[in-house]
Amino acid sequence: MAPPVVCFGAAHVDRRARAIGAVALATSNPVTVTRGAGGVARNVAETLARLGRSVALVSRVGDDPDGAQVTADLARLGVDVAAVGRSPRRPTASYTALIDPAGELVVALADMAIYDELTADALRPALDRLAGHTVWFLDANLPAGAIAFLLRARPAGATVAVDAVSVAKAARLAGLLDGIDLLFCNRDEAAALSGMAVATPADAAAAADALRRRGARAVVVGCGDAEPDAVGDRPVQAVS
């Protein structure tokens with residue numbers, strides 16, 4: 001039987017506003033809006049549950065309808081959400097993107113302050129409850145101190161995978177790579193972590209090797225927009 005998984009990190013609301021015409025700044029723009037659940041850790045937990053894996057989520061939402069919806073939807077899929085805390089002070093996190101008619105991002109607004117409440121003290125009670133979960137997934141929406149705490153607190157023999165999330169948040173992993181068994185990043189995040197230029201799949205492979213030398217046991221670098229003449233029309237991953 002596959003071991004149970006626990007995912008630590010973001011669970012929030014995603015909103016995508018797609019402009020009907022050309023985007024004009026400093027004025028109202030007609031859009032169509034779609035809404036869904038997001039957050040890297042939440043997305044991983046949902047996918048694993050749909051694949052039939054036993055999975056728990058450790059996150060934080062607001063004491064509001066958005067938070068109730070996010071957790072209820074996961075619970076219906078079989079995700080253990082008992083360790084998703086409720087904040088009395090901050091709303092459920094949200095990510096709002098304005099997309100132009102061609103599908104390109106114009107601007108995105110991220111209200112993620114609630115994740116600052118995921119401190120070591122807030123996370124510690126979940127560790128005892130989820131002691132039997134020997135596969136851990138962390139996303140870098142967690143504060144740097146919380147990531148360091150979790151990497152130190154990992155159970156003996158546990159496997160820990162980490163997603164860098166963004167260039168800015170990847171910086172939270174600096175100095176912690178030796179606690180990571182499997183690191184996921186895109187090529188911009190790989191460049192930020194390795195200090196190397198990453199323009200091609202070969203560059204991505206070199207950056208992945210560099211990150212392994214710094215302590216990560218395995219690294220996957222996504223190169224989904226790599227040039228067609230090098231990789232055809234399929235996303236490429238440099239794995240090291």
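What you see below is based on every heavy atom in this structure, not just the backbone, and it leaves out hydrogens, waters and symmetry mates.
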Start with the C-alpha gap between Glu117 and Arg89, add the side-chain angles, then the distance that decides, and say whether salt bridge (Lys or Arg N to Asp or Glu O under 4.0 Å) holds. CA-CA 10 Å; Glu117 297 182 5; Arg89 299 186 299 113; 3.2 Å; yes
Side-chain donor-acceptor pairs under 3.5 Å in residues 100-110, sequence neighbours left out?
residue: Asp100; atom: OD1; partner: Ala102; partner atom: N; Å: 2.9
residue: Asp100; atom: OD1; partner: Gly103; partner atom: N; Å: 3.0
residue: Asp100; atom: OD1; partner: Glu104; partner atom: N; Å: 2.9

Atom pair [atom1]/[atom2] of [X] and [Y] - distance to nearest 0.5 Å:
X	Y	atom1	atom2	answer
Asp116	Leu142	CG	CG	10.5 Å
Leu150	Ile147	CG	CD1	8.0 Å
Leu77	Arg50	CG	CZ	4.5 Å

Between Asp163 and Cys185, is there a side-chain heavy-atom distance shorter than 4.5 Å?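 Cys185 vs Asp163: side chains apart.
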Check whether any side-chain heavy atom of Val33 lies under 4.5 Å from a side-chain heavy atom of Arg16, and answer yes or no.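 The answer is no; the side chains never approach within 4.5 Å.
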Pair Asp139-Asn141, side-chain donor/acceptor within less than 3.5 Å: yes
Thr159 and Asp181: side-chain donor and acceptor closer than 3.5 Å?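 On atom types as modelled, these side chains do not qualify, holding no pair under 3.5 Å.
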Is there a path of hydrophobic side-chain contacts, each under 4.5 Å between heavy atoms, that joins [X] and [Y]?
X	Y	answer
Val31	Val13	no
Val167	Met196	no
Leu151	Leu177	yes
Leu98	Met112	no
Val198	Val165	no

Who pairs with Ala24 by side chain to side chain contact (heavy atoms under 4.5 Å, CB included), at least two apart in sequence or on another chain?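 So Ala24 forms a side chain to side chain contact (heavy atoms under 4.5 Å, CB included) with Thr27, Asn29.
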Hey, are Arg35 and Asp66 close enough for a salt bridge, meaning a charged N less than 4.0 Å from a carboxylate O?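 Between Asp66 and Arg35 there is a salt bridge, with a charged N closer than 4.0 Å to a carboxylate O.
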Go through the steps for Arg129 and Asp80 under the test salt bridge (Lys or Arg N to Asp or Glu O under 4.0 Å), then give the verdict. CA-CA 11 Å; Arg129 183 179 177 278; Asp80 179 352; 3.0 Å; yes
Which residue pairs satisfy the ring-ring contact (aromatic ring centres under 6.0 Å, His included) criterion with at least one member in residues 2-21, sequence neighbours excluded? Phe8-Trp136
